[in-house]
2 protein chains.
Amino acid sequence: MTERKRQILQSAQAVLKKKGYAATSVRDIAKSLEMEPASLYSHFSSKEDILKLTCFDMASKFDRAIQEINTLYFDAEQQLRMAIREHVQILTSHLDSAIIFLRDWRNLTGESFSEFVEKRNSYEKGIRKIIQTGIDEGRFNESDIKFATLTVLSSVNWIVEWYNPEGKLSPTQIAEKLSNFILNGLIKNKL
Amino acid sequence: MTERKRQILQSAQAVLKKKGYAATSVRDIAKSLEMEPASLYSHFSSKEDILKLTCFDMASKFDRAIQEINTLYFDAEQQLRMAIREHVQILTSHLDSAIIFLRDWRNLTGESFSEFVEKRNSYEKGIRKIIQTGIDEGRFNESDIKFATLTVLSSVNWIVEWYNPEGKLSPTQIAEKLSNFILNGLIKNKL
DNA sequence: CCTACCGATCGGTAGG
DNA sequence: CCTACCGATCGGTAGG
């Protein structure tokens, strides 16, 4: 990927996150770059190509992170805290892409769609494995494991809806709060 | 609203939830009803009109539920459990509308957009109030209250992504699991 | 990266 | 609820 292509991709992502993939035209993207719509096609083969690159790029970032964590020795609680920290880190440091990745992947078609879903399921499995370990260790509640996994992921992914890079909470602080919430719940410890 | 209009609306919602508002054409909607695209306009003034009706209809359901709960005497834990139960009930019993409501509200324009955001914030405030009560009662952890509210809502809303009406979990069971998760967290009670 | 352009499809209207 | 139709915009190509 050339420097210019990366530059165009970034500008495109900034536009796409605002109105969503389906409601954004190739002309909208071109305008943000002050170029003609037709010129985009010397860098990308189609509008969907931009979506595809964005979604798969994010997916592989998450994939790399979970693979690494899953092979580390820490106990389940530490693993989960690390996974959440990494997840928040990826989301917040690529906020435009993250929003497209989370909202617009359904617009992928054909093989891209199914391949994406597969990658997403594989990541989900990585998280599930951590929670399963916690249950096996007797540290986590024996809850419906699929249910627990989805609930963890939903609360982590939701941060893109309100995260503000100039806000008072750093990604690390957000990750810690989120981990505490997920691990300990809302109710005060009855010691 | 005539019976026929409601019927058309329902069919439209079934189509909209599949591809999303922006990617669905008026022709797609008409086809699902075996009528001509132009005929839709004797029931609706525009494509956005359908989105507007769907979003605001859902919003008012949530609004009614939270208003009621907020005036009841139960303590914060009970209130939160009730709010979650009602929320899950509304989502699952209007699944098509719920998905459109959650995913496509950003496509509203002008006044509709701002009015919707306002309604959504007001519901959020209702949930926040319950959590605040819990903190005041000394029952809930003193966490960032806005943060806690958003995390609760995200995990509840996520159920539309995996809920299956024919699955083994009833809405009531889902609500209870979710409440337990949110209140007690993943970690086993160290008694 | 641009000019020039294409066929297809879009949301919507007029008139019955 | 339909026929007939509209101007605008869509994603994308040819050729330079």
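Sequence lines set the chain letters: A, B, ... in the order given, protein chains first and strands last, and positions in each chain run from 1.
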**Q** Using 30° and 60° as the class limits, which term best fits the ring planes of B:Y123 and B:F62: parallel, tilted or perpendicular?
**A** tilted

**Q** When you check the phosphate oxygens OP1 and OP2 of C:dG12, does a side-chain N or O of B:R27 lie under 4.0 Å from one of them?
**A** no

**Q** Return the value, rounded to whole Å, for the distance between atom CD1 of B:I29 and atom P of C:dG12.
**A** 10 Å

**Q** Salt-bridge test for A:R106 and B:E161: reply yes if a basic N is under 4.0 Å from a carboxylate O, no otherwise.
**A** yes

**Q** Could you tell me whether A:R64 and A:E68 have a side-chain N and a carboxylate O separated by less than 4.0 Å?
**A** no

**Q** For DNA chain D, write out the stems as range with range, using runs of 3 or more consecutive Watson-Crick or G-U pairs with both distances under 3.5 Å.
**A** C:1-16 with D:1-16

**Q** How close do B:N107 and A:A23 get, heavy atom to heavy atom, and via which atoms?
**A** OD1-CB, 4.1 Å

**Q** Below 6.0 angstrom between ring centroids: does that apply to A:F181 and B:F181?
**A** no

**Q** What's the CG-P distance between A:D28 and D:dA8, to the nearest Å?
**A** 18 Å

**Q** Rounded to whole angstroms, how far apart are NZ on A:K31 and C1' on D:dT9?
**A** 11 Å

**Q** Could you list by number each residue of residues 33-52 of chain B showing a heavy-atom separation from DNA chain D of less than 4.0 Å, or answer none if no residue does?
**A** B:M35, B:E36, B:A38, B:S39, B:S42, B:H43

**Q** Are A:D28 and A:K19 within salt-bridge range, i.e. N to O under 4.0 Å?
**A** yes

**Q** Would you indicate, yes or no, if D:dC10 has its OP1 or OP2 atom less than 4.0 angstrom from a side-chain nitrogen or oxygen of A:S25?
**A** yes

**Q** Are the charged groups of B:D75 and B:R139 less than 4.0 angstrom apart, N to O?
**A** no

**Q** Has A:K47 got its NZ or CZ under 6.0 Å from the middle of the six-membered ring of A:Y21, at an angle within 45 degrees of the ring axis?
**A** yes

